[in-house]
Amino acid sequence: MLTAMRVLASRFLGPFRRKHFDHAMDEEFQSHLEMLVDRFASQGMTKSEALVAAKRQFGGITYIQEELRERSGLPFLESLWADARYALRQMRKSPAFTATAVLTLALGIGANTAIYSFMESILLRSLPVADPESLVVLNWHSRPAFDGSKHWAHVMHGLQGLFWPGEKRELASGIFPYPAFEALRADNPGFSTLFGYFNGQKHNLSVRGQATSASTEYVTGEYFRGLAVSPAAGRLIDSEDDRQGAAPVAVISFAASENRFGGPQNAIGQSILVDNVPFTVIGVAPPEFFGVDPAMAPDLYLPVHTNVLIDGPSAARMYGDENFYWIEMMGRLRPGVSMAQAQAALAPRFRQWVAATATTDGERARLPQLTLNPGAAGLGSLRRKYSKPLYLLLMMVGLILAIACANIANLLLARGAARRGEMAVRLSLGAGRFRVVRQLLTESVMLASFGGALGLLFAIWGVRWLTFLLSRGQENFTLHAELNWNVLGVTAALSVLCGLLFGLAPAMESTRPDVMPALKNGHAVGPRRRPQHVLVVAQIAFSFLILVAAGLFVQTLNKLHSVQLGYARENILLFSLDARQAGHRDSEITTFYTDLRNRFESIPGVNSATLSQSSIVSAGYAGKTYRGPVQIGAVTARDAGVMVVGPRFLTTMQIPLLAGREIDDHDQPGSTPVAVISERLARTYFGNENPIGRRIRFVDEKRDLEIVGVSANVRYGDLKEDESPMTVFAALTQTSPDGVTYALRTAGDPLSYVNSVREIVREADSRIPVTNVITQSGEIDRTISQEVTFAKLCTGFAVLALLIACVGLYGTMSYGVARQVGEIGIRMAMGAQRGTVVWMVLRRVLLLTAVGLAISVLAALSASRVVKSFLFETQPNDPRTLMLAAVVLLSAAILAGYAPARRASRIDPLAALRNE
Amino acid sequence: MTEPKSEVFQGTLDLMVLKTLEAMGPLHGYGIARRIEQLSEQLLRLNEGTVYASLLRLAQKGWIRSAWGTSENNRKARFYSISAAGRRQLAREAANWERFSGVVGRILQMQGEG
């Protein structure tokens, strides 16, 4: 064993000492021969006879030298190295080709690397905890919650958290009732720990008088132990802290400790205020830790039971309610227990527990079933959001890379013709075909490797740019794509694969066994034309697909931009504050907000100011909105959108008032509750009658409101939502608001007023941070940032693809013309007009393009389902887009083919015939 | 591990070279080839160059060492000498041979016993 390794080591060093070895060997053999000559000479032979005898005695010198050379090194690697050096020389000889090829490949590989690094960060990267593979997330799924008559029939009576559509339109979620958590925690054979957490959203964090808005995560006592994290300073929350009545403690994130305290050590023992409730900082989380959800990185970790202190005593009910779903759970599997085993053990226990909470048959028919999902990569909301878009982008950059490779293959095929002579000589001298092919493949792999290396540079820029595009406007963008070893490895593999792919066909082509014609003629016998044409057709087909995609996404963006909003989006500044989290109470909170509104309105340059529970775009998602049914006369409307707004809302947002008045300062806490309804609601429920003065009722709140005005229809919520312009505006002053969003209509750039706003708020109450500052246009764009990104990216991709494909087409046509010089010369000599010749070339271009289009139109039609979910008001088979893409492609092809066509028509027949 | 057939002869030659060096002390390639020829009483006619393949193998395995020096006729030559590991290997091989030839001998004698 040891000897074998010693031999290997010696052979490994061989290539480095080649020259020295060869020289020594020569000397040694020379010396040996001389000694033999001496001996034979002393036996009586003449000098020349002795030499002959010596050589015969020694044996085949060359043969021995070859054998020793082979044994002393690693012949395979050495020949590879020789091939590589030869390849470099070849590349230097044709710099234009090398530069074009490397650049094209770099763009293609770089784009792929950039997209892949995003995918790796979302889909593959594990949580920065110990042994993430043994973590599992607890989810459940059930049949849809609404029964036949659209009533909610499910054990989940109330919820706070996320649910999403599962397979087969089922309901899936990760939230559980607290008693369920306790039951499973007490009796779970498969897990070594089970812990819970839930997203606390944003709270007012006050450190030494400075207040900001901090994202919070509530965690149970076993959370940090279950995740097996060690604190950067202090200690982490444990079971003792998570009890009703325990001293309120908090763990802060590493970043927060640096921003607010100047370092982790300084934070320990400090007292902070969370929504005006005192907490003590007992520890700092480690730097890379971000909890279990890659979509958010909490600043603050609090024990679950402290939510009673922050949200009020009514929150205590959550802990005993078996039908209120809110807490999420994860567990760590015991060593040796698989996820399937744990699920088989736990699911029946859960089923037993949840069955006991069902009160009706409808509920019993829709019991949630427990499932365990892998938790190594954390929670799935980020994955769900980005994985499909990223796959689509990956497909497109893959197509671009394919186009680039086809291009290079074509170029190599053409160049191969020039090297046929060289290949023929090698083959006839005895080189195996495989050996020559191997050398050619080494050349193409080296080319691809240079492309890959340059591509990494492009990838760095690409990642930076893509991060910027995707994160536009979002505050807490947590996607961190990076070029780590995994990504680099994939890039290297991709480069090698590309090199082999585009190098194989040309290599096989130029080493075809019929070498004699090449040796005889001395000049090039061209490659068969079919492979080149096939590649061109493929490039055209791929380009068409990308063009269609770009067209569809641009159309989608246009449709989104032209959505009728019902309000004017320009020059509006939006920002949010939460006075309740800073300590204000019901008695004076509305006065406080109203007072602020007046102050904002008096800023020079502010035309009008208003406030609402949430901005129009985030209505329905954020804030405490009334979501129950609205009774209008005898009818109960279930799908009316309620916006709770302050005075002058319609004026500020420039929503036309069609009748009556808008909500204004007259509407005080004590006066008659009023509402303004949208035109569609008025028409639907009141027909042609005047709704002013009539009453509507918020059923769940048991409040009657008098209609005092009718507004035009407003686009409520996300741009992409289906119509729901039946809006009811209720008065903010007549409710008890938490946080509000102010809207200021300004003269000029809204963002230039931010400082004045902050000043005013600070004067009024320095404990309140101003958050989520954005213009209305910016907020709208933020909701469609993915569509904007796609449209921009795909247009860029389409341009790139078209460029590469046209360059390829141009090259192939040029090459074809050059080869057919003789034939064209004859035709022209026999009377063919220039126009005919041009048409001859263009006809081929059109034919190739037509075939490519035909193939890819079929492909586009069949793949339309893939992009359907990314579009808005656009069909994937939109005929206009397809036609436009076809026309663009055709024009580009004709443009690319025109120059070679013209060159063909300029051929001097005499010169051509002379050369033949 | 059984060596492939073609290498059996190589192994034997290696053994002879090793033994030669052990018995004669440091020698150059010519000297080794000469000595083997003499010992085999002209029975073994090998191409002298093959000795060098043997020497390379032995050197790679660490059983011999080499150093440049001057030969009897004042020629520059590389001298090979056996190493401690080489001596151990030789002892092992010699023992194997003894055992092997003993067994073969006994088998051949067996014929006679009828």
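Hydrogens, waters and symmetry mates are skipped; everything else that's a heavy atom, side chains included, is used. Each chain gets a letter, A, B and so on, in the order its sequence line appears, and its residues count up from 1.
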Item checked: Contact origin within E67(A) toward chain B - heavy atom pairs under 4.5 Å -> side chain
Notebook entry, point to check: Of the backbone (N, CA, C, O) and the side chain (C-beta and beyond), which part of A85(B) lies under 4.5 Å from a heavy atom of chain A, both, or neither?
Noted result: neither
Check: What closest approach, in Å, do W63(B) and T3(A) show between heavy atoms, and which atom pair accounts for it?
Finding: CZ2-CG2, 3.9 Å
Check: So how far is it from Y63(A) OH to T50(B) OG1, rounded to the nearest 0.5 Å?
Finding: 10.5 Å
Notebook entry, point to check: Between A59(B) and R6(A), which heavy-atom pair has the shortest distance, and what is it?
Noted result: O-NH1, 3.6 Å
Item checked: Heavy atoms from other residues, nucleotides or ligands near CH2 of W68(B) exceed 12 (cutoff 6.0 Å) -> yes
Margin query: Any heavy-atom pair between the side chains of F58(A) and Y30(B) that's under 4.5 Å?
Written below: no
Notebook entry, point to check: Which atom names give the shortest non-hydrogen contact between Q60(B) and R71(A), and what distance separates them?
Noted result: NE2-O, 3.0 Å
Notebook entry, point to check: Considering only heavy atoms, which portion of A9(A) lies under 4.5 Å from any heavy atom of chain B: side chain, backbone, both, or neither?
Noted result: neither
Check: Is R78(B) close to E27(A) at the side-chain level, that is, under 4.5 Å between some pair of heavy atoms?
Finding: no
Notebook entry, point to check: Could you give the distance from CG (L2(A)) to NZ (K61(B)), rounded to the nearest 0.5 Å?
Noted result: 13.0 Å
Check: Between R56(A) and N47(B), which heavy-atom pair has the shortest distance, and what is it?
Finding: O-OD1, 4.1 Å
Check: Just how far is it from atom CE of M25(A) to atom CG of L56(B), taken to the nearest 0.5 Å?
Finding: 9.5 Å
Item checked: Side-chain heavy-atom pair E28(A), K76(B) within 4.5 angstrom cut-off -> no
Notebook entry, point to check: Below 4.5 Å, heavy atoms only, C-beta onward: do R75(B) and H32(A) meet side chain to side chain?
Noted result: no
Next item on the list: Verify the neighbour count for atom CZ of R17(A): are there more than 12 heavy atoms of other residues, nucleotides or ligands below 6.0 Å?
Entry: no
